[in-house]
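Here the structure comes first, spelled out in C-alpha coordinates, and everything after it is commentary.
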Amino acid sequence: MIAFVSGPVAALAPDAAVVEVGGIGMAVQCTPNTLSTLRVGQQAKLATSLVVREDSLTLYGFADDDERQTFELLQTASGVGPRLAQAMLAVHSPDALRRAVATGDEKALTAVPGIGKKGAQKLLLEYKDRLGEPLGTGGPAIGKAVTSGWSDQLHAALIGLGYATREADEAVAAVTPQAEASEKPQVGQLLKAALQTLNRTR
(Lines give C-alpha, C1' and ligand atoms only; values in the text may rest on other atoms or scores of the structure.)
Protein backbone atom coordinates (compact mmCIF):
# COMPACT_ATOMS: atom_id res chain seq x y z
CA MET A 1 0.00 0.00 0.00
CA ILE A 2 1.37 3.41 -1.00
CA ALA A 3 -0.01 5.81 1.64
CA PHE A 4 1.37 9.00 0.09
CA VAL A 5 3.79 10.37 -2.47
CA SER A 6 6.02 13.37 -1.89
CA GLY A 7 8.33 15.22 -4.27
CA PRO A 8 8.50 17.84 -7.02
CA VAL A 9 5.65 17.94 -9.54
CA ALA A 10 7.14 16.90 -12.89
CA ALA A 11 4.01 17.31 -15.06
CA LEU A 12 0.30 18.10 -14.90
CA ALA A 13 -2.51 16.72 -17.10
CA PRO A 14 -6.28 17.39 -17.01
CA ASP A 15 -6.88 14.45 -14.68
CA ALA A 16 -3.47 13.54 -13.29
CA ALA A 17 -0.15 14.75 -11.90
CA VAL A 18 3.30 13.20 -12.20
CA VAL A 19 5.25 13.44 -8.94
CA GLU A 20 8.96 12.57 -8.95
CA VAL A 21 9.75 10.17 -6.12
CA GLY A 22 13.33 8.98 -5.83
CA GLY A 23 14.00 9.52 -9.52
CA ILE A 24 10.77 7.78 -10.59
CA GLY A 25 7.78 9.64 -12.00
CA MET A 26 4.62 8.48 -10.25
CA ALA A 27 1.41 9.18 -12.24
CA VAL A 28 -1.35 10.04 -9.79
CA GLN A 29 -5.03 10.45 -10.79
CA CYS A 30 -6.44 13.57 -9.06
CA THR A 31 -9.62 15.65 -8.91
CA PRO A 32 -9.62 19.16 -10.45
CA ASN A 33 -9.59 20.70 -6.95
CA THR A 34 -6.42 18.85 -6.01
CA LEU A 35 -4.74 19.56 -9.35
CA SER A 36 -5.51 23.29 -8.99
CA THR A 37 -3.23 23.41 -5.91
CA LEU A 38 -0.23 21.88 -7.73
CA ARG A 39 2.42 23.67 -9.80
CA VAL A 40 5.11 22.09 -12.00
CA GLY A 41 8.48 22.26 -10.27
CA GLN A 42 7.04 22.80 -6.80
CA GLN A 43 7.04 20.27 -3.96
CA ALA A 44 3.84 18.34 -3.37
CA LYS A 45 2.64 15.73 -0.92
CA LEU A 46 -0.47 13.76 -1.86
CA ALA A 47 -2.29 11.13 0.18
CA THR A 48 -2.80 8.16 -2.15
CA SER A 49 -4.89 5.05 -2.68
CA LEU A 50 -3.66 2.24 -4.93
CA VAL A 51 -6.37 0.48 -6.95
CA VAL A 52 -5.27 -2.93 -8.22
CA ARG A 53 -6.96 -4.56 -11.21
CA GLU A 54 -5.98 -7.63 -13.24
CA ASP A 55 -4.60 -5.46 -16.02
CA SER A 56 -3.63 -2.26 -14.23
CA LEU A 57 -2.29 -0.53 -11.13
CA THR A 58 -3.76 2.96 -10.69
CA LEU A 59 -2.68 5.44 -8.05
CA TYR A 60 -5.28 8.02 -6.97
CA GLY A 61 -4.08 11.15 -5.18
CA PHE A 62 -5.79 13.44 -2.68
CA ALA A 63 -5.19 16.70 -0.88
CA ASP A 64 -5.43 15.04 2.54
CA ASP A 65 -6.15 11.79 4.40
CA ASP A 66 -9.83 12.65 4.91
CA GLU A 67 -10.36 12.81 1.14
CA ARG A 68 -8.47 9.52 0.64
CA GLN A 69 -10.46 7.72 3.35
CA THR A 70 -13.74 9.05 1.93
CA PHE A 71 -12.68 7.82 -1.55
CA GLU A 72 -12.13 4.32 -0.14
CA LEU A 73 -15.39 4.36 1.86
CA LEU A 74 -17.38 5.44 -1.20
CA GLN A 75 -16.26 2.28 -3.00
CA THR A 76 -17.78 0.05 -0.31
CA ALA A 77 -21.20 0.67 -1.90
CA SER A 78 -22.28 -1.76 -4.61
CA GLY A 79 -21.71 -0.46 -8.11
CA VAL A 80 -19.27 2.28 -7.07
CA GLY A 81 -15.77 1.94 -8.50
CA PRO A 82 -12.79 4.30 -8.24
CA ARG A 83 -13.86 6.43 -11.24
CA LEU A 84 -17.30 7.17 -9.79
CA ALA A 85 -15.88 7.72 -6.31
CA GLN A 86 -13.42 10.24 -7.76
CA ALA A 87 -16.23 11.93 -9.71
CA MET A 88 -18.13 12.36 -6.43
CA LEU A 89 -15.09 14.01 -4.86
CA ALA A 90 -14.64 16.20 -7.95
CA VAL A 91 -18.09 17.66 -7.29
CA HIS A 92 -18.28 17.55 -3.48
CA SER A 93 -15.84 17.77 -0.59
CA PRO A 94 -15.85 14.85 1.89
CA ASP A 95 -17.82 16.96 4.36
CA ALA A 96 -20.36 17.97 1.70
CA LEU A 97 -20.90 14.27 0.91
CA ARG A 98 -21.32 13.45 4.60
CA ARG A 99 -23.79 16.32 4.89
CA ALA A 100 -25.71 15.10 1.81
CA VAL A 101 -26.00 11.59 3.25
CA ALA A 102 -26.94 12.86 6.72
CA THR A 103 -29.74 15.04 5.29
CA GLY A 104 -30.85 12.60 2.55
CA ASP A 105 -29.99 15.13 -0.17
CA GLU A 106 -30.66 13.30 -3.45
CA LYS A 107 -29.95 16.38 -5.58
CA ALA A 108 -26.39 16.57 -4.29
CA LEU A 109 -25.68 13.04 -5.52
CA THR A 110 -27.49 13.41 -8.85
CA ALA A 111 -25.21 16.40 -9.58
CA VAL A 112 -22.46 13.80 -10.06
CA PRO A 113 -22.17 12.46 -13.65
CA GLY A 114 -23.26 8.82 -13.73
CA ILE A 115 -25.67 8.98 -10.77
CA GLY A 116 -29.39 9.12 -11.48
CA LYS A 117 -32.32 9.52 -9.10
CA LYS A 118 -32.68 5.81 -8.32
CA GLY A 119 -28.93 5.42 -7.90
CA ALA A 120 -28.82 8.37 -5.52
CA GLN A 121 -31.61 6.89 -3.38
CA LYS A 122 -29.78 3.56 -3.20
CA LEU A 123 -26.46 5.19 -2.33
CA LEU A 124 -28.01 7.34 0.40
CA LEU A 125 -29.24 4.13 2.07
CA GLU A 126 -25.91 2.35 1.68
CA TYR A 127 -23.80 5.27 2.92
CA LYS A 128 -26.02 6.14 5.88
CA ASP A 129 -23.96 4.23 8.46
CA ARG A 130 -20.62 4.38 6.63
CA LEU A 131 -19.57 7.98 5.98
CA GLY A 132 -20.22 9.35 9.46
CA GLU A 133 -21.28 12.82 10.54
CA PRO A 134 -20.08 16.07 8.87
CA LEU A 135 -16.95 17.41 10.56
CA GLY A 136 -17.17 21.06 9.55
CA THR A 137 -19.45 23.85 10.66
CA GLY A 138 -20.66 24.86 7.20
CA GLY A 139 -18.98 27.38 4.92
CA PRO A 140 -17.88 26.64 1.37
CA ALA A 141 -18.46 22.97 0.68
CA ILE A 142 -16.20 22.58 -2.31
CA GLY A 143 -13.45 24.24 -4.26
CA LYS A 144 -10.10 25.80 -3.63
CA ALA A 145 -9.48 29.32 -4.80
CA VAL A 146 -7.42 29.71 -7.94
CA THR A 147 -6.53 33.06 -9.39
CA SER A 148 -6.08 32.17 -13.05
CA GLY A 149 -6.83 29.55 -15.65
CA TRP A 150 -10.16 28.57 -14.11
CA SER A 151 -11.81 28.08 -17.51
CA ASP A 152 -9.07 25.71 -18.74
CA GLN A 153 -9.21 23.72 -15.50
CA LEU A 154 -13.00 23.56 -15.58
CA HIS A 155 -13.04 22.50 -19.24
CA ALA A 156 -10.44 19.79 -18.58
CA ALA A 157 -12.40 18.57 -15.56
CA LEU A 158 -15.60 18.22 -17.60
CA ILE A 159 -13.78 16.34 -20.37
CA GLY A 160 -12.23 14.10 -17.69
CA LEU A 161 -15.71 13.34 -16.36
CA GLY A 162 -16.77 12.11 -19.80
CA TYR A 163 -18.54 15.12 -21.37
CA ALA A 164 -18.05 15.97 -25.04
CA THR A 165 -15.97 19.02 -26.00
CA ARG A 166 -19.08 20.88 -27.19
CA GLU A 167 -20.89 20.20 -23.90
CA ALA A 168 -17.85 21.34 -21.92
CA ASP A 169 -17.61 24.54 -24.01
CA GLU A 170 -21.28 25.33 -23.38
CA ALA A 171 -21.02 24.64 -19.66
CA VAL A 172 -17.94 26.88 -19.29
CA ALA A 173 -19.76 29.65 -21.15
CA ALA A 174 -22.80 29.23 -18.89
CA VAL A 175 -20.79 29.76 -15.67
CA THR A 176 -18.48 32.49 -17.01
CA PRO A 177 -20.63 35.35 -15.56
CA GLN A 178 -20.48 33.66 -12.14
CA ALA A 179 -16.70 33.28 -12.39
CA GLU A 180 -16.11 36.85 -13.55
CA ALA A 181 -18.21 38.19 -10.67
CA SER A 182 -15.74 36.67 -8.21
CA GLU A 183 -12.25 37.98 -7.45
CA LYS A 184 -11.05 34.43 -6.85
CA PRO A 185 -13.09 31.94 -8.89
CA GLN A 186 -13.28 28.53 -7.20
CA VAL A 187 -13.03 25.68 -9.68
CA GLY A 188 -14.93 23.27 -7.45
CA GLN A 189 -17.94 25.56 -7.10
CA LEU A 190 -17.89 26.40 -10.80
CA LEU A 191 -17.74 22.69 -11.63
CA LYS A 192 -20.84 22.07 -9.54
CA ALA A 193 -22.68 24.91 -11.31
CA ALA A 194 -21.53 23.66 -14.73
CA LEU A 195 -22.76 20.13 -13.98
CA GLN A 196 -26.14 21.50 -12.98
CA THR A 197 -26.46 23.32 -16.34
CA LEU A 198 -25.48 20.13 -18.18
CA ASN A 199 -28.01 18.04 -16.24
CA ARG A 200 -30.74 20.52 -17.16
CA THR A 201 -29.94 20.30 -20.88
CA ARG A 202 -29.83 16.48 -21.02
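Here, residue 1 is the first one in the sequence, and each next residue gets the next number.
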### Task
Could you check if a side-chain atom of L59 sits within less than 4.5 angstrom of a side-chain atom of M26, using non-hydrogen atoms only?
yes
### Query
Ignoring hydrogens and geometry, is there a side-chain-to-backbone donor-acceptor pair from T34 to C30 under 3.5 Å?
no
## Note on the structure
Sequence neighbours excluded, the answer for salt bridge (Lys or Arg N to Asp or Glu O under 4.0 Å) partners of D169 is none
### Message
Before you tell me yes or no, could you show the steps for R99 and D105 under side chain to side chain contact (heavy atoms under 4.5 Å, CB included), namely the whole-Å CA-CA distance, both residues' side-chain angles and the distance that decides it to 0.1 Å?
### Response
CA-CA 8 Å; R99 204 154 35 239; D105 186 355; over 6 Å; no
#### Entry: Same cluster (ILVMFWY, side-chain, under 4.5 Å), I2 and L38
yes
### Task
With the side chain counted from C-beta on, respond yes when H92 and K192 share a heavy-atom pair under 4.5 Å apart, and no when they do not.
yes
### Connected via hydrophobic side-chain network under 4.5 Å: F4 and L50
no
### Query
What closest approach, in Å, do T110 and A120 show between heavy atoms, and which atom pair accounts for it?
CG2-CB, 3.8 Å
### Task
Work out which heavy atom in S6 is nearest to a heavy atom in V21; give both atom names and the distance.
O-CG2, 3.8 Å
### Query
Counting only N and O atoms by type, is there a donor-acceptor contact under 3.5 Å from the side chain of T197 to the main-chain atoms of A194?
yes
### Message
Is it the case that the side chain of K128 and the backbone of L123 share a donor-acceptor pair, with hydrogens and angles ignored and the cut-off at 3.5 Å?
### Response
no
### Message
If you compare all heavy atoms of A100 against all heavy atoms of L124, which two are closest, and at what distance to 0.1 Å?
### Response
O-CD2, 3.7 Å
### Message
Among residues at least two apart in sequence or on other chains, which ones pass salt bridge (Lys or Arg N to Asp or Glu O under 4.0 Å) with K107?
### Response
none
#### Entry: Test side chain to side chain contact (heavy atoms under 4.5 Å, CB included) applied to F62 and L89, T48, L46, the passing residue
L89
### Message
What I'd like to find out is whether the side chain of V80 reaches to under 4.5 Å of the side chain of M88, using heavy atoms alone.
### Response
yes
### Task
Using a 4.5 Å cut-off on heavy atoms from C-beta on, say whether the side chain of L84 contacts that of I115.
yes
#### Entry: 4.5 Å side-chain heavy-atom contact, V51 and L57
no
### Query
Does Q75 use its side chain to pair, donor to acceptor, with the backbone of F71 at less than 3.5 Å?
yes
### Query
How long is the span from the CZ atom in R83 to the OG1 atom in T58, to the nearest 0.5 Å?
9.0 Å
### Task
Could you give me the CA-CA distance, side-chain angles and deciding distance for E67 and S93, then say whether side chain to side chain contact (heavy atoms under 4.5 Å, CB included) is met?
CA-CA 8 Å; E67 207 172 71; S93 70; over 6 Å; no
### Message
Taking D66 first and then R98, would you say they form a salt bridge - that is, a charged N and a carboxylate O separated by under 4.0 Å?
### Response
yes
### Query
Atom CD of E72 and atom OG of S49: how far apart are they, to the nearest 0.5 Å?
3.5 Å
### Message
Between P82 and Y60, is there a side-chain heavy-atom distance shorter than 4.5 Å?
### Response
yes
### Summary
Output for pair (K117 NZ, E106 CD), nearest 0.5 Å, gives 4.0 Å
### Query
For the atom pair CG (L35) and CG (L12), what is the distance rounded to the nearest 0.5 Å?
6.5 Å
### Query
So, Y127 side chain and A77 main chain: donor-acceptor pair closer than 3.5 Å or not?
no
### Query
So do L131 and L74 actually touch side chain to side chain, heavy atoms under 4.5 Å?
yes
### Query
Does any non-hydrogen side-chain atom of T31 lie less than 4.5 Å from one of V91?
no
### Query
Has the side chain of R130 got a donor or acceptor atom that lies under 3.5 Å from a matching backbone atom of E126?
yes
## Note on the structure
Closest non-hydrogen contact found for V40 with A10 is CG1-O, 3.8 Å
### Message
Donor-acceptor pair, distance only, cut-off 3.5 Å: does the side chain of T176 make one with the backbone of V172?
### Response
yes
### Task
Can you measure from CG (L191) to OG (S36) and round to the nearest 0.5 angstrom?
11.0 Å
### Query
For the atom pair CG (L73) and CZ (R68), what is the distance rounded to the nearest 0.5 Å?
10.5 Å
